[in-house]
Protein chains: 2
Amino acid sequence: MQPMVTRTQQPRSDTRTRILDVAERLVQSRGFNGFSYADIAAELGVSTASLHYHFAGKAELGRALIVRYAERFNSALADIDARLPDARARLEAYVSIYTDLMHKGRFCLCGMLAAEYETLPPPMRDAVVEFFDRNEAWLISVLELGAEQRTMHLTGSAENVARMVVSGLEGAMLVTRPYGDPARFKAAAAQLLLSLLGAVPIDSEAQRD
Amino acid sequence: MQPMVTRTQQPRSDTRTRILDVAERLVQSRGFNGFSYADIAAELGVSTASLHYHFAGKAELGRALIVRYAERFNSALADIDARLPDARARLEAYVSIYTDLMHKGRFCLCGMLAAEYETLPPPMRDAVVEFFDRNEAWLISVLELGAEQRTMHLTGSAENVARMVVSGLEGAMLVTRPYGDPARFKAAAAQLLLSLLGAVPIDSEAQRD
DNA sequence: GTCTATAACGAGATAGAC
DNA sequence: GTCTATCTCGTTATAGAC
């Protein structure tokens with residue numbers, strides 16, 4: 001109910017946003033069933049009742065988490081498309097999204113939720129599937145572009161390779177967790193791209209730097 | 001403290017075994033943080049106090065689950081080695097272990113626990129790492145054999161390819177869950193082997209049947 | 001070995017004051 | 001918006017009878 005402002009949206013780093021930030025990190029590291037409202041409240045120095053004001057229940061909070069995460073992810077993909085014309089560069093940028101997560105000791109939010117899928121409140125389930133569908137669709141477009149540009153040598157249909165990219169990255173993150181070593185993930189990601197796409201062509205070395 | 005018996009071990013399907021069976025299925029489908037002693041007790045028609053007689057606490061039960069699972073897994077691997085001399089056949093048999101799980105609507109026990117790793121009681125953690133180490137070691141031996149037999153064309157070091165096999169399969173299981181479609185997993189597994197190992201050589205078609 | 005009873009705690013959630 | 005207080009329920013665990 002504030003007077004009209006020219007600002008587009010989002011009232012900056014308000015409580016709601018800080019709740020989402022903490023909750024996101026907790027889901028990524030401990031899973032949706034591995035944290036409680038009390039954990040968030042303690043970290044923010046507020047009461048759990050206050051959390052219920054912003055999010056009616058844990059299910060609503062969970063759904064909001066996925067929606068925001070997917071929005072950011074999609075923005076990142078759009079940004080990649082805008083910045084990088086080369087399909088291989090796009091794919092490498094995609095992989096680095098995951099690499100960055102690993103370095104923060106986190107896990108893909110939706111990868112974690114996929115593991116817990118059976119126990120998720122219904123409102124959260126659809127949002128998880130949507131996330132993976134979107135990832136797959138984007139990857140297919142990149143792979144098809146790469147095949148067209150002749151910088152990628154797909155070892156199967158774009159759809160199958162796309163799914164394998166997602167599976168390989170999510171799986172590498174999963175298996176890397178117990179070892180706590182991001183280098184392990186990076187090696188796995190490199191092996192994945194090498195296997196699925198073939199070696200980079202000699203004449204495409206013409207890159208910046 | 002029973003009198004000596006000539007039976008090797010294991011007193012058949014006793015209560016302890018039935019507890020493990022139910023708990024295993026629950027962890028695979030709902031995660032270690034997604035079920036309680038009450039769930040097991042209800043399904044077996046016993047009290048939770050009875051469960052505590054067999055397993056002091058949830059942590060001990062969890063550890064016993066992994067140990068038994070790993071034993072079975074290792075037995076299956078030894079069985080594969082004994083039955084199949086061909087490296088590629090061994091790898092296909094390995095993949096079918098995972099495929100069978102998917103068809104039962106389950107997940108790799110240790111894959112699930114890897115996701116929940118941060119919240120696992122310490123006694124369980126080492127056992128999870130051990131499981132993955134063993135998988136990797138077995139796969140390396142198979143891949144090296146395949147390279148020797150010239151039926152596999154590795155796209156990287158045996159170690160990297162082995163890790164990618166584990167990651168790819170675990171990840172494919174993970175991403176398949178929300179879709180509830182085992183066919184999706186099978187396609188992913190086929191794509192993975194094709195990419196990592198290259199097409200099967202013409203002259204190795206000489207197989208039984 | 002299994003039970004009933006209960007303790008002790010933590011979870012999600014709500015009412016109502018401020 | 002945030003608080004305190006409280007409720008209800010589920011979870012792990014234990015004591016002690018049978």
Side-chain angles (χ1 to χ4, degrees), chain A residues 1-3 10-27 29-66 112-113 116 118-125, chain B residues 1-3 5 10-27 29-66 112-113 116 118-124:
Chain A
M1 279 308 182
Q2 294 197 324
Q10 287 121 353
R12 289 153 317 250
S13 182
D14 55 4
T15 306
R16 188 187 154 92
T17 301
R18 295 195 309 153
I19 294 171
L20 287 172
D21 290 342
V22 173
E24 181 175 293
R25 203 193 62 245
L26 287 171
V27 174
S29 57
R30 305 177 53 88
F32 191 71
N33 295 324
F35 77 101
S36 71
Y37 263 34
D39 297 322
I40 306 174
E43 192 159 336
L44 293 180
V46 298
S47 68
T48 61
S50 180
L51 302 185
H52 278 285
Y53 170 80
H54 294 280
F55 300 95
K58 207 183 174 188
E60 287 77 14
L61 169 59
R63 175 154 178 104
L65 278 177
I66 308 172
M112 180 63 88
L113 297 177
E116 297 177 295
E118 295 273 329
T119 68
L120 292 186
M124 296 179 65
R125 297 195 182 183
Chain B
M1 278 301 184
Q2 294 197 325
V5 281
Q10 288 120 352
R12 290 151 315 247
S13 180
D14 55 4
T15 305
R16 188 187 154 91
T17 301
R18 295 194 310 153
I19 293 170
L20 287 171
D21 289 342
V22 173
E24 181 175 293
R25 203 193 61 244
L26 286 170
V27 174
S29 57
R30 306 175 54 88
F32 190 71
N33 295 324
F35 78 100
S36 72
Y37 264 33
D39 296 322
I40 306 174
E43 194 159 334
L44 293 180
V46 298
S47 67
T48 61
S50 179
L51 302 185
H52 279 284
Y53 169 81
H54 294 280
F55 300 96
K58 208 183 171 187
E60 287 76 14
L61 169 58
R63 176 153 177 103
L65 278 178
I66 308 173
M112 180 64 87
L113 296 176
E116 297 179 294
E118 294 273 328
T119 68
L120 292 186
M124 295 179 65

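To find a chain, count down the sequence lines: A is the first, B the second, and so on, and within it residues start at 1. Note that these values count all heavy atoms, side chains included, but never hydrogens, waters or copies made by symmetry.
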- request: Decide yes or no for B:F35 and B:S29: does some side-chain heavy atom of the first lie under 4.5 Å from some side-chain heavy atom of the second?
  value: no
A:S47 side chain near D:dT4 phosphate (N/O to OP1/OP2, under 4.0 Å): no
query: Atom NZ of A:K58 to atom C1' of C:dG10: distance rounded to whole Å?
result: 12 Å
- line: Winner on side-chain proximity to B:A38, out of D:dT11, C:dG12, D:dA13, is D:dT11
query: If you check every side-chain atom of A:A49, which of D:dA13, C:dC3, D:dC3 has the closest atom?
result: D:dC3
- prompt: In whole Å, what is the span from the CG atom of B:L61 to the C1' atom of D:dT11?
  reply: 14 Å
query: Just to confirm, is there a sub-4.0 Å distance from OP1 or OP2 of C:dG1 to any side-chain nitrogen or oxygen of B:Y53?
result: yes
Test item: A:L20 and A:F55 side chains (from C-beta on) under 4.5 Å apart, heavy atoms: yes
message: Starting the side chain at C-beta, find the nucleotide from C:dA5, C:dA11, D:dT11 nearest to B:S36.
response: D:dT11
query: For D:dT2, does either OP1 or OP2 sit under 4.0 Å from a side-chain N or O belonging to A:H54?
result: yes
- prompt: Taking CD from B:E60 and C1' from D:dA13, how many angstroms apart are they, rounded to a whole number?
  reply: 11 Å
message: Considering every strand and a 4.0 Å limit on heavy-atom distances, what is the contact class for B:F55: base, sugar-phosphate, or nothing?
response: nothing
query: So do B:R25 and B:E43 actually touch side chain to side chain, heavy atoms under 4.5 Å?
result: yes
message: Rounding to an integer number of Å, can you tell me how far A:I40 CD1 sits from C:dG10 P?
response: 17 Å
task: Measure from OH on B:Y37 to P on C:dG10 and round the result to the nearest Å.
output: 19 Å
query: Within a strict 4.5 Å, meaning less than it, do heavy atoms of the A:Y53 and A:T15 side chains meet?
result: no
- line: Of the listed C:dG12, C:dT2, D:dT12, the closest approach to the B:H52 side chain comes from D:dT12
task: Starting at atom CZ of A:F32, determine the distance to atom P of C:dG12, rounded to an integer number of angstrom.
output: 8 Å
statement: On DNA chain D, more 5' by nearest nucleotide between B:F35 and A:G45 is A:G45
message: In this structure, how many angstroms lie between the C1' atom of D:dT12 and the CG atom of B:D39, rounded?
response: 13 Å
query: Checking side chain to side chain contact (heavy atoms under 4.5 Å, CB included) against B:V22, which of B:I40, B:D39, B:V27, B:T17 comes through?
result: B:I40
